[in-house]
Amino acid sequence: MRTICALAGVVIKELYRRKDFYVLFVITIIICLVMGSMNVFNDNEIVRYIKDIALLLIWISSLVIAITATARQIPAEKENRTLLPLLAKPLTRTQLILGKFFGCWAVCGLMLVCFYLFFGLLSATREHQWPLLHYLQAASLHWVMLGVVISFTLLGSLVFAAPSSTSTICFVVAAGILLVGRYLDRIALSLSEPWRSIVYAIYYAMPHLEFFDMRNLIIHDWPLVEWKYIGLAVLYGFAYIVVFLAAACLAFRRKPVN
Amino acid sequence: MKGILKTDKLRVEYKGRDFRQGPKVALQGLDLEVNSGEVFGFLGPNGAGKTTTINVLLGFLPPTKGAASLFGIDVRQPIARRRIGYLPEMTYYYKFLTADELLRFYSKIFGLSGAEMDRRIDAVLNLVELQEARKRLIKTYSKGMQQRVGLAQALINNPDLLILDEPTSGLDPVGRMKVRAIIQRLKNEGKTVFFASHELGEVETVCDRVAIIAGGELKAMGKVSDVVAQHGTNLEAAFLDIIGYQPQPI
């Protein structure tokens with residue numbers, strides 16, 4: 001565990017000392033602030049649209065940071081040859097994968113705290129309320145969703161050669177799941193065999209990232225979701241994280257690193 | 001004397017990109033034994049298989065046939081690397097860390113903590129003369145300083161066996177002298193050093209025994225003085241004779 005924490009600490013330090021996160025954070029804040037200051041036709045409902053766009057920006061920014069940060073972890077270690085002195089130490093490749101995963105996930109958690117704090121402040125200035133539990137439910141599921149994305153990006157980074165191709169493929173897959181994933185069963189019904197079975201298999205096998213999307217809860221001030229359902233969603237996410245990390249460990253286990 | 005690094009009929013084949021060609025043999029039946037407390041020079045021309053051997057010893061590359069062990073433990077077990085230090089040929093470290101942070105990170109992997117970790121970090125930084133630059137980011141270091149950080153990380157666990165792959169390549173004469181002095185000091189402390197190099201003069205100065213490989217095969221192994229006596233007037237002449245180098249008329 002100590003080794004995994006040490007590895008995660010280095011990942012956190014690297015991402016903290018790079019500028020990617022700050023750039024995206026500042027851009028998101030500027031866009032949200034500009035939107036937050038708008039008052040179109042004195043319409044009080046405009047705040048919902050502002051919240052919708054601000055949360056969409058937060059989702060896109062968090063996905064971009066999670067995927068780009070994770071995709072370069074192991075390829076960069078190989079390219080810079082920092083992997084050699086590291087693997088010459090008494091650590092297993094499974095520990096390395098877990099250290100990278102927890103490092104990236106922790107950074108995403110910190111980033112979400114910043115984003116949701118900022119969103120809460122922005123929202124509070126317009127609505128004069130602070131629905132903390134709503135934010136907690138939305139942010140915790142958002143974080144688990146990023147865990148799933150990080151784990152499959154880590155697997156992708158061991159399968160595809162270049163970080164850029166891994167980032168692009170993983171971003172397309174994540175966006176595809178979020179936008180189309182929920183409709184795949186209906187699409188399957190309109191297809192003939194064997195495509196119907198293939199699309200159904202994809203529908204049941206893929207992680208449904210949309211389950212973690214609680215933006216409407218905040219936008220429309222819906223009542224809180226029962227905690228047992230939040231717990232089930234978290235377990236569902238953890239199951240996929242375990243599967244993707246196990247696959248990544250298997251892919252990396254016998255791979256020559258010279 | 002006890003053999004702490006052993007390879008037994010080690011064979012490594014690489015699959016070629018073209019399936020019509022057979023596999024490329026990098027090592028064929030390599031038998032090595034390095035004894036405790038000696039400085040062992042591992043020599044060979046470019047492409048002879050020196051780095052491949054080191055890659056197998058460190059578990060980076062699985063052997064196609066044969067076996068390798070460190071301290072009697074199969075090199076595929078991570079625990080075999082607990083008592084070793086490794087300095088790769090081209091030294092690259094996390095440029096966003098300082099030397100102090102890098103050494104703390106590696107110390108934690110070896111399970112060091114608290115006062116013991118601080119003491120080891122101070123000791124290795126003193127040894128490689130980087131105390132004053134310890135809080136600077138590694139990206140601001142010169143090549144020689146980066147090589148010395150590499151040596152510091154290789155020594156952080158106070159290893160019994162040090163594996164060095166071309167430790168002085170690309171260094172200026174002062175840098176080389178410093179690295180050589182550190183190796184000499186480690187030898188005096190009774191450490192075992194396995195040392196791949198092209199610098200024959202350096203090898204002749206610091207090594208007790210040498211092995212010379214070419215084309216993935218062991219061509220000669222023994223005390224430096226014996227190898228020189230059998231094959232030439234100095235180690236360079238002996239090396240060229242052993243690898244079968246024929247000078248071409250210009």
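Letters A, B, ... mirror the listed sequences (proteins, then strands); counts begin at 1.
Listed here is the closest heavy atom pair of B/F96 and A/V10: CE1-O, 3.7 Å. Smallest separation of non-hydrogen atoms from A/R2 and B/S113: NH2-CB, 3.3 Å.
Proximity of B/F60 to A/L83: side-chain heavy atoms (C-beta onward) are nowhere separated by under 4.5 Å.
The candidate from B/E101, B/R76, B/Q153, B/R104 with the greatest count of non-hydrogen atom pairs under 4.5 Å with chain A is B/E101. Of the listed residues (B/T51, B/I163, B/L58, B/L112), the one with the most heavy-atom contacts under 4.5 Å to chain A is B/L112.
Within a 6.0 Å radius of CZ in A/R253, other residues, nucleotides and ligands contribute 12 heavy atoms or fewer. Within a 6.0 Å radius of CD in A/E79, no more than 12 heavy atoms belonging to other residues, nucleotides or ligands are found. Counting heavy atoms of neighbouring residues, nucleotides and ligands inside a 6.0 Å radius, atom NZ of B/K6 does not exceed 12 of them. Environment of CD1 in B/I79: sparse, with no more than 12 heavy atoms of neighbouring residues, nucleotides or ligands closer than 6.0 Å.
Scanning residues 86-106 of chain A against chain B with a 4.5 Å heavy-atom cutoff picks out A/L86, A/L87, A/A88, A/K89, A/P90, A/L91, A/T92, A/R93, ordered by number.
Looking at B/L137, only its side chain comes within 4.5 Å of chain A, counting heavy atoms on both sides. Neither the backbone nor the side chain of B/Q77 comes within contact range of chain A; no heavy atom of the residue lies under 4.5 Å from a heavy atom of that chain.
Partner of B/Y94 under the side-chain contact (heavy atoms from CB on, under 4.5 Å) criterion, chosen from A/E77, A/K13, A/E14: A/E77.
Put simply, CD1 on B/I109 and CD1 on A/I4 are 11.0 Å apart, with the number rounded to the nearest 0.5 Å.
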